[in-house]
J.: 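Mind having a look at this structure? Questions to follow.
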Amino acid sequence: MKFSEMPYKRLNREETEAQMRSLIERQKKAVSGEEQFAIHKEYYKLQDHINTCRILATIRYDIDTTDEFYEKEQEFYDEIQPILDQLKNEYHKVLFDSPYRSYMEEKIGKVAFKNMELDFKGMDEKLIELRQEENALSSRYVKLIATAEIPFEGEICNLSKMRKFRADRDRSVRRRAWKAISDYYLSVTGEIDEIYDAMVKNRTKQAKMLGYENYVELGYYRMRRNNYGPEEVKKFRDQVKQDMVPFAQRIHEKRRQRLGMEHLSYIDEGVYFPGGNPEPKGTPEEILAKGQEMYQELSRETAEFFDFMMENELLDVLGRKTKRQGGYMDYLPEFKSPFIFANFNGTSEDVDVITHECGHAFQGFLMREEEIQEYSDITMETAEIHSMAMEYFTESWMKEFFGEGAEDYRKMHLEDGICFVPYGCMVDEFQHIVYENPDMTPAERKDIWKKLEKEYRPHIDFEEDAFFGNGGWWQQQSHIFVDPFYYIDYCLATVCALQYKQKMDLDHSRAWDSYLALCRLSAKKFYVPMLEEVGLKSPFADGCMEDLIKHFEKISD
């Protein structure tokens with residue numbers, strides 16, 4: 001079904017809660033594993049309906065954050081979701097403690113039961129009001145950023161449109177663009193500080209109410225870290241500091257020389273060539289058409305996937321003034337349809353949408369007929385491998401998008417991927433420090449960010465900019481506000497995606513087979529054993545980073 005034709009009706013709150021309570025009571029009275037699984041399939045159907053209603057409303061609100069109808073729907077789901085999550089928790093507790101648990105483990109897997117255990121540690125009925133408040137704060141931040149109006153070069157731009165100007169080949173244009181962005185954030189930094197301060201205090205209060213020292217432990221449970229914890233993540237960040245930061249510095253030095261500059265300023269961040277970064281050729285419609293040709297040639301599975309996406313209008317990628325910033329993939333279970341949301345802005349990021357978000361959507365499409373919902377319930381460090389690896393698997397088709405600039409794009413994409421890892425780890429360490437010290441003032445948080453910049457990105461000179469030079473950069477990183485502790489997943493996935501790049505440099509066909517196997521494994525196995533099964537090294541393993549650096553340093557010379 002086409003996205004525009006998908007019917008929407010607000011979830012009936014009383015009816016839905018009653019259905020969930022009925023399922024809970026029936027599971028308690030079940031007399032066999034077979035009966036429990038039959039009831040569980042009814043639970044799947046109800047969850048599909050709940051999620052389809054919520055996700056459809058959210059997407060349509062994100063498409064136009066000034067749409068009053070869908071804004072009210074978003075507020076409704078912000079309020080009801082913690083209640084439904086708590087009912088799911090109660091339902092899962094019945095399965096977890098069931099005398100027929102071994103039968104259900106055979107049916108839905110051990111990973112599912114570990115995730116239930118983590119959910120029990122992360123939710124409680126007494127948190128509902130606080131979680132509703134947390135959701136409202138997230139929506140407030142999203143709307144504030146989505147509705148930014150920045151005067152620039154005679155027009156009013158949103159932040160998405162400004163991305164093109166801040167990477168302009170003309171350094172004077174870049175300087176003016178970054179100044180305009182800095183001025184905007186200066187005008188709202190007080191409100192952003194207020195929102196984030198309320199978020200930190202809210203999340204800390206939730207953690208304390210559950211008996212945790214701070215939000216870090218609770219945040220890990222909510223991210224379903226079912227195979228590793230803060231110690232492994234710290235070990236990973238330490239490896240990045242030791243090996244990846246110096247490698248990134250060498251890449252930035254080559255970039256500085258390529259740009260012919262004495263030193264790199266923050267206004268040069270994300271700029272790779274003196275003539276400007278490669279830009280895709282053609283209109284958004286032409287880019288989508290080229291994407292369809294690419295996926296038709298890549299494999300039988302990707303051809304079927306992208307044809308389905310195009311035929312059913314499942315890509316909303318045009319930037320608009322009141323559209324939410326950023327991009328994502330979500331899944332509408334009742335329609336068995338992935339959906340891609342993005343903001344094309346005339347830069348190479350438009351092509352990244354066709355590769356990155358399509359990696360997520362492709363994996364969702366592959367799993368659309370899977371009966372066991374828990375097998376599709378992937379955690380984010382796995383999900384991001386699907387997307388980031390797809391960026392490399394599609395590199396052979398970049399000439400179709402960039403023409404003669406294809407090789408420059410491939411070089412930029414690889415360098416950017418490597419240099420992202422230190423930044424992503426900086427975001428993660430910042431969040432650990434913030435939640436371990438929740439009483440810090442907004443000024444102290446900005447000072448912490450400035451300190452971390454020197455450790456992870458020492459190449460950047462902020463030139464005493466009133467906003468960015470004062471530790472404000474993090475306020476434009478939405479994950480810090482909306483999805484705490486998510487960002488490290490991108491770093492872990494980048495290391496795995498770079499392993500796929502290394503593999504495909506040697507044997508593209510075998511690398512693709514491994515990738516398909518990973519997509520189909522989905523959430524059937526725990527993270528580290530799953531990586532091992534498809535021939536990837538764990539990012540936590542000693543020497544993992546060192547091996548990658550040796551390979552990519554050799555091919556970049």
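This one's a predicted model, so the numbers in the text were calculated from it and none came from an experiment.
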J.: Could you note down all residue pairs passing salt bridge (Lys or Arg N to Asp or Glu O under 4.0 Å) where residues 143-154 supplies at least one of them, sequence neighbours left out?
T.: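 The answer is Glu71-Lys143, Glu153-Arg176.
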J.: Rounded to the nearest 0.5 Å, what's the gap from SG on Cys358 to CD on Glu391? Could you check?
T.: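 These two atoms lie 11.0 Å from each other.
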J.: Quick one: do the Asn158 and Tyr184 side chains pair a donor with an acceptor below 3.5 Å?
T.: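 The answer is no; no qualifying pair exists.
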J.: Might you work through the salt bridge (charged side-chain N to carboxylate O under 4.0 Å, His left out) test for Asp67 and Arg60, ending with a clear yes or no?
T.: CA-CA 8 Å; Asp67 185 310; Arg60 288 181 174 161; over 6 Å; no
J.: To the nearest 0.5 Å, how far apart are OH in Tyr196 and CD in Gln475?
T.: 10.0 Å
J.: Taking salt bridge (Lys or Arg N to Asp or Glu O under 4.0 Å) as the definition, give me every residue that meets it alongside Lys241, ordered by chain and number, with sequence neighbours left out.
T.: Glu429, Glu455
J.: Take the angle between the ring planes of Tyr490 and Tyr486 and call it parallel below 30°, perpendicular above 60°, tilted in between.
T.: parallel
J.: Just jot down the side chain to side chain contact (heavy atoms under 4.5 Å, CB included) partners of Ala523, sequence neighbours excluded, or say none.
T.: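 If we apply the side chain to side chain contact (heavy atoms under 4.5 Å, CB included) test to Ala523, skipping adjacent residues, the hits are Ile378.
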J.: Out of Phe485, Tyr435, Trp474, which residue meets the ring-ring contact (aromatic ring centres under 6.0 Å, His included) rule with Phe430?
T.: Trp474
J.: Would you please name every residue forming a side chain to side chain donor-acceptor pair (under 3.5 Å) with Gln325, sequence neighbours left out?
T.: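 Expected list: none.
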J.: When rounded to the nearest 0.5 angstrom, what distance separates CZ in Arg163 from CG in Asn343?
T.: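 Going from CZ on Arg163 over to CG on Asn343, the span is 10.0 Å.
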J.: Working to the nearest 0.5 angstrom, can you tell me the gap between Thr494 OG1 and Ile385 CD1?
T.: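 So the gap between those two atoms works out to 10.0 Å.
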J.: Is the shortest side-chain heavy-atom distance between Phe341 and Ile63 below 4.5 Å?
T.: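 In short, these two side chains touch, coming nearer than 4.5 Å.
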J.: Roughly how far, to the nearest 0.5 Å, is the CG atom of Asn277 from the OG atom of Ser348?
T.: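 With rounding to 0.5 Å, OG (Ser348) is 6.0 Å from CG (Asn277).
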J.: Suppose the criterion is ring-ring contact (aromatic ring centres under 6.0 Å, His included): which pairs have a residue in residues 58-77, not counting sequence neighbours?
T.: Tyr8-Tyr70
J.: Identify, with sequence neighbours excluded, every residue that meets side chain to side chain donor-acceptor pair (under 3.5 Å) alongside Glu231.
T.: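 Result, side chain to side chain donor-acceptor pair (under 3.5 Å) vs Glu231: none returned.
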J.: Thinking salt bridges, do Glu194 and Arg140 make one under a 4.0 Å N-O criterion?
T.: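 Counted as a salt bridge, because a side-chain N and a carboxylate O are separated by less than 4.0 Å.
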J.: Given Trp473, which partner from the list Phe467, Trp178, Tyr266 fulfils the ring-ring contact (aromatic ring centres under 6.0 Å, His included) test?
T.: Trp178
J.: Grab the two heavy atoms, one from His459 and one from His252, that are nearest each other, plus how far apart they are.
T.: CE1-NE2, 3.2 Å
J.: Could you state the interatomic distance from CG (Asn227) to OH (Tyr527), rounded to the nearest 0.5 Å?
T.: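 Answer rounded to 0.5 Å: 9.0 Å.
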J.: Could you tell me whether a side-chain N or O of Glu191 sits under 3.5 Å from a main-chain N or O of Val188, the two making a donor and an acceptor?
T.: no
J.: Can Arg237 and Asp428 be counted as an ion pair, charged N to O under 4.0 angstrom?
T.: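 The answer is yes: the pair qualifies as a salt bridge.
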J.: Just to verify, what does Asp377 make a salt bridge (Lys or Arg N to Asp or Glu O under 4.0 Å) with, not counting sequence neighbours?
T.: Arg224
J.: Check whether the side chains of Gln431 and Tyr487 place a donor and an acceptor atom closer than 3.5 Å, and report yes or no.
T.: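 No, Tyr487 and Gln431 have no side-chain donor paired with an acceptor closer than 3.5 Å.
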J.: With salt bridge (Lys or Arg N to Asp or Glu O under 4.0 Å) as the test, pick out the partner of Glu415 among Arg250, Arg258, Lys254, Arg255.
T.: Arg258
J.: Please step through side-chain contact (heavy atoms from CB on, under 4.5 Å) for the pair Glu381 and Tyr228, ending with a clear verdict.
T.: CA-CA 11 Å; Glu381 75 286 289; Tyr228 59 93; 2.6 Å; yes
J.: What are the two closest heavy atoms between Ile150 and Ala180, and how far apart are they?
T.: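 Residues Ile150 and Ala180, closest heavy atoms: CG2-CB, 3.7 Å.
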J.: Can you name the residues that form a side chain to side chain donor-acceptor pair (under 3.5 Å) with Asp542, not counting sequence neighbours?
T.: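 Asp542 satisfies side chain to side chain donor-acceptor pair (under 3.5 Å) with Lys235 once adjacent residues are dropped.
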J.: Could you list the residues that satisfy side chain to side chain donor-acceptor pair (under 3.5 Å) with Glu217, not counting sequence neighbours?
T.: Tyr221
J.: Does one side chain, of Gln477 or Tyr423, offer a donor that lies under 3.5 Å from an acceptor on the other?
T.: yes
J.: Are Thr347 and Asn345 close enough that a side-chain donor and a side-chain acceptor fall under 3.5 Å?
T.: yes
J.: Run the salt-bridge test on Glu155 and Lys161 with the 4.0 Å N-O cut-off and return the result as yes or no.
T.: yes
J.: Kindly determine whether Leu11 and Leu84 satisfy side-chain contact (heavy atoms from CB on, under 4.5 Å), including the steps that lead there.
T.: CA-CA 11 Å; Leu11 202 65; Leu84 296 179; 3.9 Å; yes
J.: Regarding Glu253 and Gln249, do their side chains bring together a donor and an acceptor under 3.5 Å, going by distance alone?
T.: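 Note: Glu253 and Gln249 side chains miss the donor-acceptor criterion.
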J.: Salt bridge or not for Arg175 and Glu463, using N-O below 4.0 Å?
T.: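 Yes, this pair counts.
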J.: Please list, chain by chain and in numerical order, all residues satisfying salt bridge (Lys or Arg N to Asp or Glu O under 4.0 Å) with Asp268, sequence neighbours excluded.
T.: Arg171, Arg174
J.: Go through Asp119 and Lys88 one step at a time and tell me if the side-chain contact (heavy atoms from CB on, under 4.5 Å) criterion holds.
T.: CA-CA 9 Å; Asp119 289 344; Lys88 279 175 64 176; over 6 Å; no
J.: Step through it carefully: locate the ring centre of Tyr392, locate the ring centre of His413, and say whether they are under 6.0 Å apart.
T.: yes
J.: Please name the pair of heavy atoms, one in Ser538 and one in Leu531, separated by the smallest distance, quoted to 0.1 Å.
T.: CA-CD1, 4.0 Å
J.: Apply the side-chain hydrogen bond (donor to acceptor under 3.5 Å, both in side chains) test between Lys323 and each candidate in Thr66, Asp316, Asp62, Thr147; give the one that qualifies.
T.: Asp316
J.: Report yes if the side chains of Ile145 and Ile192 come closer than 4.5 Å at any heavy-atom pair, otherwise no.
T.: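 Yes, at least one pair of side-chain atoms sits under 4.5 Å.
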J.: Quick one about His551 and Gln499 (side-chain donor to acceptor, distance below 3.5 Å, no hydrogens or angles considered), yes or no?
T.: no
J.: Which heavy atom of Pro539 sits nearest a heavy atom of Cys544, and at what distance?
T.: CA-SG, 4.1 Å
J.: Relative to each other, are the rings of Tyr220 and His432 parallel, tilted or perpendicular (30° and 60° limits)?
T.: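 Rings of Tyr220 and His432: perpendicular, over 60°.
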J.: For the side chain of Gln239 and the backbone of Ala541, is there at least one donor-acceptor N/O pair under 3.5 Å apart?
T.: yes
J.: Do Cys491 and Phe420 come within less than 4.5 Å of each other through their side chains, counting heavy atoms only?
T.: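 They are in side-chain contact.
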J.: Please walk me through it: do Met209 and Leu127 pass side-chain contact (heavy atoms from CB on, under 4.5 Å)?
T.: CA-CA 8 Å; Met209 286 176 73; Leu127 301 182; 4.0 Å; yes
J.: Restricting to side chain to side chain contact (heavy atoms under 4.5 Å, CB included), what partner residues turn up for Lys450, sequence neighbours left out?
T.: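 Lys450 satisfies side chain to side chain contact (heavy atoms under 4.5 Å, CB included) with Asp447, Asn470 only.
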J.: Which atom pair, heavy atoms only, marks the closest approach of Leu259 to Val271?
T.: CD1-O, 3.6 Å
J.: Under the salt bridge (Lys or Arg N to Asp or Glu O under 4.0 Å) test, which residues partner Lys126, sequence neighbours left out?
T.: none
